[in-house]
*Asks:* 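Below are the structure tokens for one structure; questions will follow.
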2 protein chains.
Amino acid sequence: MKQTSSAHRHSSDKLLFLTDEQLRSAIELLFFAYRDFTGDPDRILAERGYGRAHHRAIHFIKHRPDITVAGLIEMLGVTKQSLNRVLRQLIDDGLVVQKVGETDRRQRLLSLSEEGATLEVQLSQPQRDRLRQAYTSAGPEAVAGFREVLHKIMNDGTRAMVADKPGRK
Amino acid sequence: MKQTSSAHRHSSDKLLFLTDEQLRSAIELLFFAYRDFTGDPDRILAERGYGRAHHRAIHFIKHRPDITVAGLIEMLGVTKQSLNRVLRQLIDDGLVVQKVGETDRRQRLLSLSEEGATLEVQLSQPQRDRLRQAYTSAGPEAVAGFREVLHKIMNDGTRAMVADKPGRK
DNA sequence: GCTTTAAGTCAGTCTTGTTGACTTACCACT
DNA sequence: AGTGGTAAGTCAACAAGACTGACTTAAAGC
């Protein structure tokens, strides 16, 4: 039981040899890519005394305006107390604004102020540039594969959280 | 300047429309996939009082036996003090063993003990299972695209760190 | 009216990262 | 043989960001 390699027959009738070696390199690929991918915004955040947690909150508030606090907690997968710390700062600093829920007045609907939206663009700019460069150089088929595998890596419950317009299989 | 979308002509002569929407969903894809991907080992680690930092150290020591401390620091991208804390525990707990360098006796060459290797397998097992499932269901072309895009997302300097056997383009 | 829920807070803990300063042992070069 | 640089290790202090647990306030749902 030295070489635990396994062969699978794919629906498209091609043989897939998934060696431990290949699986391991994927683990590293994800580690390094994710680290570099988050590195650029991390530097911008540090200048303003924020951290990655602020970025994540800003990202989801930007793209799901009027999200509730509970909704944001679920997206991020953190506790109320953990989110509250960064949210408190963002609200106090005027980057995030709260609005009382119309149907449920207990809810606080979150959205970005103009200043918050400006920061969001600054933060996501290097990530978009990085993706654009990678996507362009890799080509559409590679991009489709990239997205499909990422989709299949995540938990079934998580999958529904990705706002994913293009009709994926 | 509302819709900052951009079109690029790929070398393979196909048009790629990279909308902000598409780029944004990739950001979320990476976030969610990475989170779920690391979730399983995180649970196992927590039982033993370890964290993700221990897992990373164990991973690289396993797959690059006789790596030096400086080498490991470079791979992980952390400071000596930060690594030392987790390394100290792993050595004290008998999971990692040190060996004085042959050519340079200042170096401490790191490798896993049997017990360390056992833990490594336990930790990487759920990740390998997850990848195997995703790879198998997505198919070889998707896997190739996945790997290619991840490669191109990371920094040029980082790329050399991935032990990547299969002859990638 | 009573219970549940959404949000917010206070307090304490833990992991993991950082700086900065310093020691010990060893290598390399003059 | 001596000197300077390097590899490893340590101490101390600090910060971000996660956690648990307990508790309050206000509003919703019955």
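Chain naming here is simple, since letters A, B, ... match the order of the sequence lines and numbering starts at 1 in each.
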*Asks:* For C:dG17, does either OP1 or OP2 sit under 4.0 Å from a side-chain N or O belonging to B:Arg56?
*Replies:* yes
*Asks:* How would you summarise protein contacts on nucleotides 22-30 of chain C per nucleotide, using B for base, S for sugar-phosphate only and - for none, with heavy-atom distances below 4.0 Å?
*Replies:* ---BBS---
*Asks:* B:Arg128 vs B:Gln125, test: side-chain hydrogen bond (donor to acceptor under 3.5 Å, both in side chains). Steps then yes/no.
*Replies:* CA-CA 5 Å; B:Arg128 284 199 305 269; B:Gln125 193 65 65; 3.2 Å; yes
*Asks:* Short of 4.0 Å, heavy atom to strand atom, which residues of residues 59-79 of chain B count as contacting DNA chain C?
*Replies:* B:Gly77, B:Val78, B:Thr79
*Asks:* Using OP1 and OP2 only, check whether a side-chain N or O of A:His54 sits under 4.0 Å from D:dA16.
*Replies:* no
*Asks:* Figure out the CG/C1' separation between A:Leu87 and D:dG17, and round it to whole Å.
*Replies:* 14 Å
*Asks:* Tell me which of B:Gln107 and A:Tyr50 sits closer to the 5' end of DNA chain D, going by the nucleotide each one is nearest to.
*Replies:* B:Gln107
*Asks:* Work out which heavy atom in B:Ala26 is nearest to a heavy atom in A:Leu131; give both atom names and the distance.
*Replies:* CB-CD1, 3.6 Å
*Asks:* Between A:Leu45 (CG) and C:dG17 (P), how many Å, whole number?
*Replies:* 17 Å
*Asks:* Can you confirm whether A:Thr136 sits close enough to A:Gln133 that some side-chain heavy atom of one is under 4.5 Å from a side-chain heavy atom of the other?
*Replies:* no
*Asks:* Is the phosphate of D:dA8 approached by B:Gln98 (side-chain N or O, under 4.0 Å from OP1 or OP2)?
*Replies:* no
*Asks:* Classify the angle between the aromatic ring planes of A:Phe146 and A:Tyr135 as parallel (below 30°), tilted (30 to 60°) or perpendicular (above 60°).
*Replies:* perpendicular
*Asks:* Can B:Glu28 and A:Arg56 be counted as an ion pair, charged N to O under 4.0 angstrom?
*Replies:* no
*Asks:* Rounded off to whole Å, could you give me the CD-to-C1' distance for the B:Glu47 and D:dC19 pair?
*Replies:* 17 Å
*Asks:* Please confirm whether the backbone N or O of A:Arg106 pairs with a side-chain atom of A:Arg108, one donor and one acceptor, at under 3.5 Å?
*Replies:* yes
*Asks:* Nearest whole Å is fine: how far is D:dA18 P from B:Asp42 CG?
*Replies:* 12 Å
*Asks:* Would you call A:Gln127 and A:Pro41 a side-chain contact if the rule is heavy atoms closer than 4.5 Å?
*Replies:* yes
*Asks:* Rounded to the nearest Å, what distance is computed from the CD1 atom of residue A:Ile91 to the C1' atom of nucleotide C:dT9?
*Replies:* 13 Å
*Asks:* B:Ile44 and B:Tyr34: same hydrophobic cluster, using ILVMFWY side-chain contacts below 4.5 Å?
*Replies:* yes
*Asks:* Hey, which sits more toward the 5' end of DNA chain D by its nearest nucleotide, A:Gln81 or B:Asn84?
*Replies:* B:Asn84
*Asks:* Is any NZ, NE, NH1 or NH2 atom of the basic residue among B:Glu148 and B:Lys152 found under 4.0 Å from an Asp or Glu carboxylate oxygen of the other?
*Replies:* yes
*Asks:* Given atom CG of A:Leu110 and atom C1' of C:dA6, what is their separation to the nearest angstrom?
*Replies:* 12 Å
*Asks:* To the nearest 10°, let me know how far the axis at one end of the helix from C:dG1-D:dC30 to C:dT30-D:dA1 is tilted from the axis at the other, five pairs an end.
*Replies:* 30°
*Asks:* Categorize B:Arg85 for me: base, sugar-phosphate, or nothing, with a 4.0 angstrom heavy-atom threshold over every strand shown.
*Replies:* base
*Asks:* On the nucleotide C:dT9, are OP1 or OP2 found under 4.0 Å from the side-chain N or O atoms that A:Arg88 carries?
*Replies:* yes
*Asks:* Angle between ring planes, B:His55 versus B:His59, binned at 30° and 60°: parallel, tilted or perpendicular?
*Replies:* perpendicular
*Asks:* Quick one: are the ring centres of B:Phe37 and A:Phe31 less than 6.0 Å apart?
*Replies:* no
*Asks:* Salt bridge between A:Glu120 and B:Arg24, side-chain N to carboxylate O under 4.0 Å?
*Replies:* no
*Asks:* Taking CG from B:Leu83 and P from C:dG17, how many angstroms apart are they, rounded to a whole number?
*Replies:* 9 Å
